[in-house]
Amino acid sequence: MGAIWAIAAKDIRLLLRDRMGFFFAFVFPILTAIFFGTIFGSGGGGGDGKIDVLLVDEDNSAGSRAFVETLHGASEIAVTDSPNRAEAERLVATGKSPAFVVLPKGFGATRDSMFFGAGSSIVLGVDPSHRAESGMLEGVLTKYGFMRMQDAFKNPAMMQDQVKKSMDAVRNSAKLSEEDKRTFSKFFDSLDQFLVDVPRIPDDSSGGSSGVGAGGWQPIKIEKADVARRPEPGEGPRPPPNAYAWTFPQGMIWGFIGCSMSFAVALVLERTRGTLPRLRVAPLGPMQVLAGKALACFVMTQVVVVLLMVIAGVVFGVRPTSYPKLAVAMVCTGCCFVGLMLLFSVLSKSERAAAGLGWGAMLIFSMIGGGMIPLFVLRSWMKSLSMLSPVRWSILALEGGVWRQPFGWSDMALPCSILIGIGIVGFVAGAIVFGRAENA
């Protein structure tokens, strides 16, 4: 064990002396987290992808079912019905879905009162790490909320039904004075007669709508639901996480990538320059050499992530929701990237090949795993492919310790198991290839 620690200490010293390796292992992850945190803190961007949405119909009326059918046919979103709000909130809070929409009780009744009412209310909950989707979803919901009004203006019979319901609401209102009731009644009587006389308005798909009616009236009122950092039973309220809490897990991923790629290139460099053969002169087996390299890489990944969390806490006020879960996520992610490091290093015959193979693979993993591009902009087959990316599972595990609530140990089990499995496969495969190369 002493020899393994000696090899690990030597490799750590070499990394600290390598300016480029130090930059990608320490500085680049911090810059990444701060950069994206600043962007999302200012409201974030958007995309053109089809957003996965969980839909809960608590009203279950004719009006709500009609709106559900409309959303199922929307081209901007992919709707999945959810049995209840609690389940939808849990899936969004644990990162299994980016957003949910709830049609609350009374939704259908407010939809039927187009002229005399406050508009229909919809509850929208969005995963805080998917801020880009929030604005898009509000626009989509407002658009389809206005479709009923457009249809009504094209259909006089439907408008007359709306007018009748509004007239009844005016007559039965306890908040209006008799003078106001007479004023509204005159207006609706005139409108009703107009609808009898007016010809049917032809369909004109070239026009558009702003989404907001006269006086700021909207047919759909969107109430945003907070799905993150809920207090545990008996615990006081927690402050909402800031934007940096959502982006520092991405920064941690780049810390893992930077460390693992630096050690992969260094291992190939030692092999091509004859350092490893000299180590083999000593009474060290191939597994001891690899174990020393793996230990050094693992220790440095943990140091980088701890440093990132210290900066996040001191400078940006990020407070993890669960230090034990964060520690487990760090260990599992470290094991995963150590295994990948060993595999990439033994598959490369030169340091250029190691850098090209390693960084190329990691960039692809990051792009399809949410480390660079939001998952919602990807096509459905690419979203399925992202399940193979260790970056996706690493980010989910780290978010479980940093800000996701509720996110229990059962939710941590899947990503952590996958990460440990990738690490074991990478280490075993790397050891087999390394042993064969040394014996050749």
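Worth knowing before you read on, the calculation uses all heavy atoms, side chains too, and leaves out hydrogens, waters and symmetry mates.
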Working for side-chain contact (heavy atoms from CB on, under 4.5 Å), residues W246 and D127:
CA-CA 10 Å; W246 306 327; D127 186 331; over 6 Å; no
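- Between D57 and S64, the side chains place a donor N or O and an acceptor N or O closer than 3.5 Å (distance only, hydrogens not considered).
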Expected list for residues 413-434: side-chain donor-acceptor pairs under 3.5 angstrom, two or more places apart:
| residue | atom | partner | partner atom | Å |
| --- | --- | --- | --- | --- |
| S417 | OG | A413 | O | 2.6 |

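- The nearest pair of heavy atoms linking A99 to L137 is CB-CD1, 3.4 Å.
- Ion pairing between a basic and an acidic side chain is recognised when a charged N comes within 4.0 Å of a carboxylate O; R65 and D59 show no such pairing.
- Contacts classified as salt bridge (charged side-chain N to carboxylate O under 4.0 Å, His left out) and involving residues 412-427 (residues at least two apart or in different chains) are not found.
- Across all their heavy atoms, C297 and M341 have their closest contact at CB-CE, 3.7 Å.
- For E58, the side chain to side chain contact (heavy atoms under 4.5 Å, CB included) test picks out V56, R85, V102, P104, with sequence neighbours left out.
- Taking both residues in full, the closest heavy atoms of F263 and K293 are given as CD2-O, 4.5 Å, listed atom of the first, atom of the second, then distance.
- One distance of note links OG of S97 with CD of E87; it measures 10.5 Å at 0.5 Å rounding.
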For residues 386-393, run the donor-acceptor check on the side chains, cut-off 3.5 Å, and write out each pair with its distance to 0.1 Å, sequence neighbours left out.
| residue | atom | partner | partner atom | Å |
| --- | --- | --- | --- | --- |
| S386 | OG | K383 | O | 2.4 |
| S386 | OG | R392 | NH1 | 2.5 |
| S389 | OG | F365 | O | 2.7 |
| S389 | OG | V391 | N | 3.2 |
| W393 | NE1 | M387 | O | 2.7 |

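- F100 and A88 make their closest contact through CB-CB, 3.8 Å (heavy atoms, listed as atom of the first residue, atom of the second, distance).
- Listed by first and then second residue, the ring-ring contact (aromatic ring centres under 6.0 Å, His included) pairs that reach into residues 328-347 are F256-F337, sequence neighbours excluded.
- Residues M309 and P320 approach most closely at CE-CG, 3.5 Å, considering heavy atoms.
- Between I122 and F107, the shortest heavy-atom contact is CG1-CE1, 3.8 Å.
- Salt bridge K96/D411: present, at least one basic N to carboxylate O contact under 4.0 Å.
- A donor-acceptor pair is defined here as one N or O able to donate and one able to accept, closer than 3.5 Å; such a pair exists between the side chain of S345 and the backbone of L342.
- Every residue two or more places apart in sequence or in another chain that forms a side chain to side chain contact (heavy atoms under 4.5 Å, CB included) with S348 is listed here: V268, A353, A354, L357.
- To the nearest 0.5 Å, atom CG of residue L55 and atom NE2 of residue H72 are 5.5 Å apart.
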Between T94 and L396, does a side-chain contact (heavy atoms from CB on, under 4.5 Å) hold up when you go through it step by step?
CA-CA 8 Å; T94 54; L396 181 59; 6.0 Å; no
